[in-house]
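I have placed the structure first, in the form of structure tokens, so that the comments after it can refer back to it.
Please read all numbers here as calculations on a predicted model, not as lab measurements. Naming convention: chains lettered A, B, ... in sequence-line order (proteins, then strands); numbering from 1 in each chain. Computation of the quantities below employed the complete heavy-atom set of this structure, encompassing side-chain atoms and omitting hydrogens, waters and symmetry-equivalent molecules.
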There are 2 protein chains.
Amino acid sequence: MTVTIYDVAREAKVSMATVSRVVNGNPNVKPATRDRVNEVIKRLNYRPNAVARGLASKKTTTVGVIIPDISNIYYSELARGLEDIATMYKYQTIISNSDNDPFKEREIFNNLLSKQVDGIIFLGGTLSNETAELIQTSSVPVVVSGTQDNDSALPAVNIDYHSASREITEKLLKDGARQFAFVGGGYSEKARHDVLSGMTEGLKDNGITFNDDAVYVGSEQYLDGEKAFAQLQGLKPDAILCISDEQAIGLVHAAQDAGLNIPDDLQIVSFNNTRLVQMVRPKLSSVMQPLYDIGAVGMRLLTKFMNDEEIEDKQVVLPYHIDYRGTTK
Amino acid sequence: MTVTIYDVAREAKVSMATVSRVVNGNPNVKPATRDRVNEVIKRLNYRPNAVARGLASKKTTTVGVIIPDISNIYYSELARGLEDIATMYKYQTIISNSDNDPFKEREIFNNLLSKQVDGIIFLGGTLSNETAELIQTSSVPVVVSGTQDNDSALPAVNIDYHSASREITEKLLKDGARQFAFVGGGYSEKARHDVLSGMTEGLKDNGITFNDDAVYVGSEQYLDGEKAFAQLQGLKPDAILCISDEQAIGLVHAAQDAGLNIPDDLQIVSFNNTRLVQMVRPKLSSVMQPLYDIGAVGMRLLTKFMNDEEIEDKQVVLPYHIDYRGTTK
DNA sequence: CTGAAAGCGCTAACAG
DNA sequence: CTGTTAGCGCTTTCAG
């Protein structure tokens with residue numbers, strides 16, 4: 001039924017070892033032999049069985065991807081970047097949604113190990129200490145993209161949320177904002193923490209104490225942005241830093257529906273730079289995170305680990321750029 | 001180093017067959033033996049090697065997913081639906097982006113076969129005849145979700161674009177629209193064709209001949225919607241059917257920037273129902289396609305094929321619902 | 001440059 | 001209920 005390496009060997013009158021060599025591009029084969037084998041391979045339409053190969057070689061050319069939610073545009077852009085690099089290096093990706101649930105994360109992780117993946121990328125979301133520990137103790141290389149474990153022990157690629165947040169805060173202060181608020185989502189605790197600390201620090205240096213009342217933490221979705229506005233409205237904020245574009249758009253619309261003018265009455269800056277930023281009026285001022293690149297660089301880093309290449313720095317910090325559009329003065 | 005079934009067998013003083021039985025939940029094991037084996041499994045932290053299992057059993061509990069672009073919100077919602085069902089049935093998914101390129105599609109398909117996946121889901125995009133043929137001749141089950149091959153020979157799940165389009169056309173005509181236009185994207189040729197035919201038919205039945213000038217085919221992205229408006233503007237359309245939400249939002253903004261009032265001067269209906277529909281003002285009137293379900297049902301169908309369950313109908317047509325929001329009268 | 005042979009870790013008859 | 005025995009299809013020494 002299915003044609004195996006043995007069939008090819010017999011037909012080409014060589015041993016399976018030789019067939020294996022030509023399939024794997026081993027140079028130690030006489031060109032004439034190589035041609036003969038290749039001819040048979042094509043004629044028989046032989047397709048190597050990757051599972052058998054994986055068992056024999058202990059390499060599966062497969063990497064696992066743990067992602068909070070592939071239908072979230074933020075993560076799907078990371079995923080695309082990572083996938084492209086994986087393809088470039090001839091790896092396939094097994095992608096699983098964790099919903100940022102530590103239990104699911106561990107389940108996925110174990111499944112991935114059982115499938116003998118050559119490496120794992122952990123995307124976004126909060127990295128719980130238990131999960132981080134499980135990762136530490138496993139022997140397959142793991143890279144974290146778009147988030148970080150609490151003690152930064154894992155290889156990771158990120159932007160510097162703290163600096164970005166601080167920079168934005170200074171700018172908004174300069175433009176007259178005084179009453180700051182923060183809107184975060186459920187996924188990346190690390191990012192949330194860094195943005196908050198950057199803002200708090202920026203305010204403090206300018207003699208303003210930031211009050212925890214002005215923090216809303218929700219689910220990173222559009223409707224959640226509307227909810228956030230409803231909750232924060234009483235404080236009459238004139239500047240909001242928001243962790244997700246989708247939430248930010250919800251904020252914009254809720255504020256407009258409440259009769260506020262953006263950016264005159266309220267300035268909003270978000271932290272994602274997905275394609276959504278240009279899909280509102282006014283257009284969203286946003287920190288341009290190189291999402292595609294964060295995914296891509298993460299995968300590239302992983303390939304280095306998988307091939308035992310030398311690694312200069314396990315912690316990659318990618319540059320960000322703040323794009324001030326219509327929702328800021 | 002790694003603990004194998006053999007280690008467990010030795011430690012539990014049984015044969016590897018017995019260990020295999022308890023791991024696979026085979027009832028023919030004395031409870032006492034089962035407990036002993038389980039104890040050893042836990043103590044040794046034994047994790048079955050799925051690759052070896054796959055080789056021996058010829059089942060990998062892995063399905064392949066061919067998707068045009070995971071960073072496109074339309075497809076990522078399909079992907080999420082499919083993934084959830086896959087997880088429910090204990091399958092992992094290998095996801096690869098095809099960019100709707102027939103060459104890449106075939107390459108991915110062959111890689112997937114070589115990985116011995118138990119089934120393949122082909123998502124969205126145009127299904128070229130060559131690819132369809134390749135699929136036909138392979139022995140693994142394949143299901144197509146959100147599109148269809150030209151002669152509808154493959155198992156597929158879809159909505160009835162033709163009817164939806166016709167229904168919208170009638171409604172818009174009733175509300176006074178006379179100058180129709182169509183904006184499509186590069187991905188699903190089948191959907192584009194059906195929407196166009198539904199509209200043409202609806203118009204024809206009302207004595208209006210649809211002119212091909214009023215068709216724009218682009219890339220399904222936001223900026224492309226703006227481009228489409230620029231191109232169609234000269235025809236002064238008062239109704240546009242648009243295949244993608246993202247393009248539709250581009251249309252809305254371009255029209256507004258040109259001083260048009262929506263929906264008074266121009267009505268727009270899109271065909272996706274992604275989360276984007278509510279992220280514009282006015283909100284987008286759109287055909288509610290059950291994207292998540294299209295993916296989910298596709299995967300469910302695939303599991304039936306993989307388990308040789310009985311299949312009533314290889315062609316599933318899911319209900320749609322038209323949601324008239326702010327961009328229509 | 002090529003072949004023989006020993007596994008990789010597990011499942012699946014087949015006996016008992 | 002349990003053990004024995006063949007493989008699954010390929011890679012990888014080791015000889016020659």
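- Comparing C:dC1, D:dG3, D:dG9 by their closest approach to the side chain of B:L55 singles out D:dG9.
- Salt-bridge formation is detected for the pair B:E309/B:R300: a Lys NZ or Arg NE/NH1/NH2 atom is positioned less than 4.0 Å from an Asp or Glu carboxylate oxygen.
- Taking only side-chain nitrogens and oxygens, B:N49 never comes nearer than 4.0 Å to OP1 or OP2 of C:dC8.
- One can place CG of B:D35 at 11 Å from P of D:dT2, the figure rounded to the nearest angstrom.
- Backbone-only engagement by B:V14 is indicated by non-hydrogen atom pairs under 4.0 Å involving sugar-phosphate atoms exclusively.
- A salt bridge links A:D99 to B:R80: one of the charged nitrogens lies within less than 4.0 Å of a carboxylate oxygen.
- Take the nearest nucleotide of DNA chain C for A:M16 and for A:K30: the residue whose nucleotide is more 5' is A:K30.
- At C:dG9, one or more side-chain N or O atoms of B:T2 fall inside 4.0 Å of OP1 or OP2 (strictly under the cut-off).
- Residues A:E133 and A:R106 are not paired through a salt bridge, judged by the lack of any N-O separation under 4.0 Å between the basic side chain and the carboxylate.
- Here B:R53 reaches the OP1 or OP2 of C:dT11: one of its side-chain N or O atoms lies under 4.0 Å away.
- Judged purely by distance below 3.5 Å, without hydrogens or angles, the side chains of A:K115 and B:T62 pair a donor atom with an acceptor atom.
- For A:Y6 and D:dG7, the OH to C1' distance is 14 Å, given to the nearest whole Å.
- On a pure distance criterion of 3.5 Å, a polar donor-acceptor pair joins the side chain of A:R21 and the base of C:dG3.
- Note on B:V51: nothing from the nucleic acid sits closer than 4.0 angstrom, heavy atoms only.
- The closest side-chain donor-acceptor pair between B:T60 and B:Q116, if any, does not fall under 3.5 angstrom.
- Between A:E310 and A:K304, none of the side-chain N atoms (NZ, or NE/NH1/NH2) sits under 4.0 Å from a carboxylate O, so this pair counts as no salt bridge.
- In this structure, CD of B:Q116 is placed 19 Å from P of C:dC10, rounded to the nearest angstrom.
- The shortest distance between the side-chain N/O atoms of A:K58 and the OP1/OP2 oxygens of C:dG9 is below 4.0 Å.
- Position along DNA chain D of the nearest nucleotide to A:V23 versus B:S15 favours B:S15 as the more 5'-ward residue.
- The separation between B:K13 atom NZ and D:dG3 atom C1' is 16 Å, rounded to whole Å.
- OP1 or OP2 of C:dT2 sits under 4.0 Å from a side-chain N or O of A:T33.
- Backbone-only contact: A:T4 has heavy atoms under 4.0 Å from sugar-phosphate atoms and none from a base.
- Looking at heavy-atom distances under 4.0 Å, A:N28 makes contact with a base.
- One interatomic measurement links the two molecules: NZ of B:K115 to P of D:dC8, which rounds to 22 Å at whole-angstrom precision.
- Counting to the nearest Å, the C1' atom of D:dT12 and the NZ atom of A:K59 are 12 Å from each other.
- Phosphate contact (OP1/OP2 of D:dC10, side-chain N/O of A:Y46, threshold under 4.0 Å): present.
- Distances shorter than 4.0 Å separate none of the side-chain N or O atoms of A:S57 from OP1 or OP2 on D:dC10.
- For B:S20, a side-chain nitrogen or oxygen approaches OP1 or OP2 of C:dT11 to under 4.0 Å.
- Closest contact between the side chain of A:A56 and the listed nucleotides C:dT2, D:dT11, D:dT4 involves D:dT11.
- Put simply, CD1 on A:I5 is 14 Å from C1' on C:dT2, counting in whole angstrom units.
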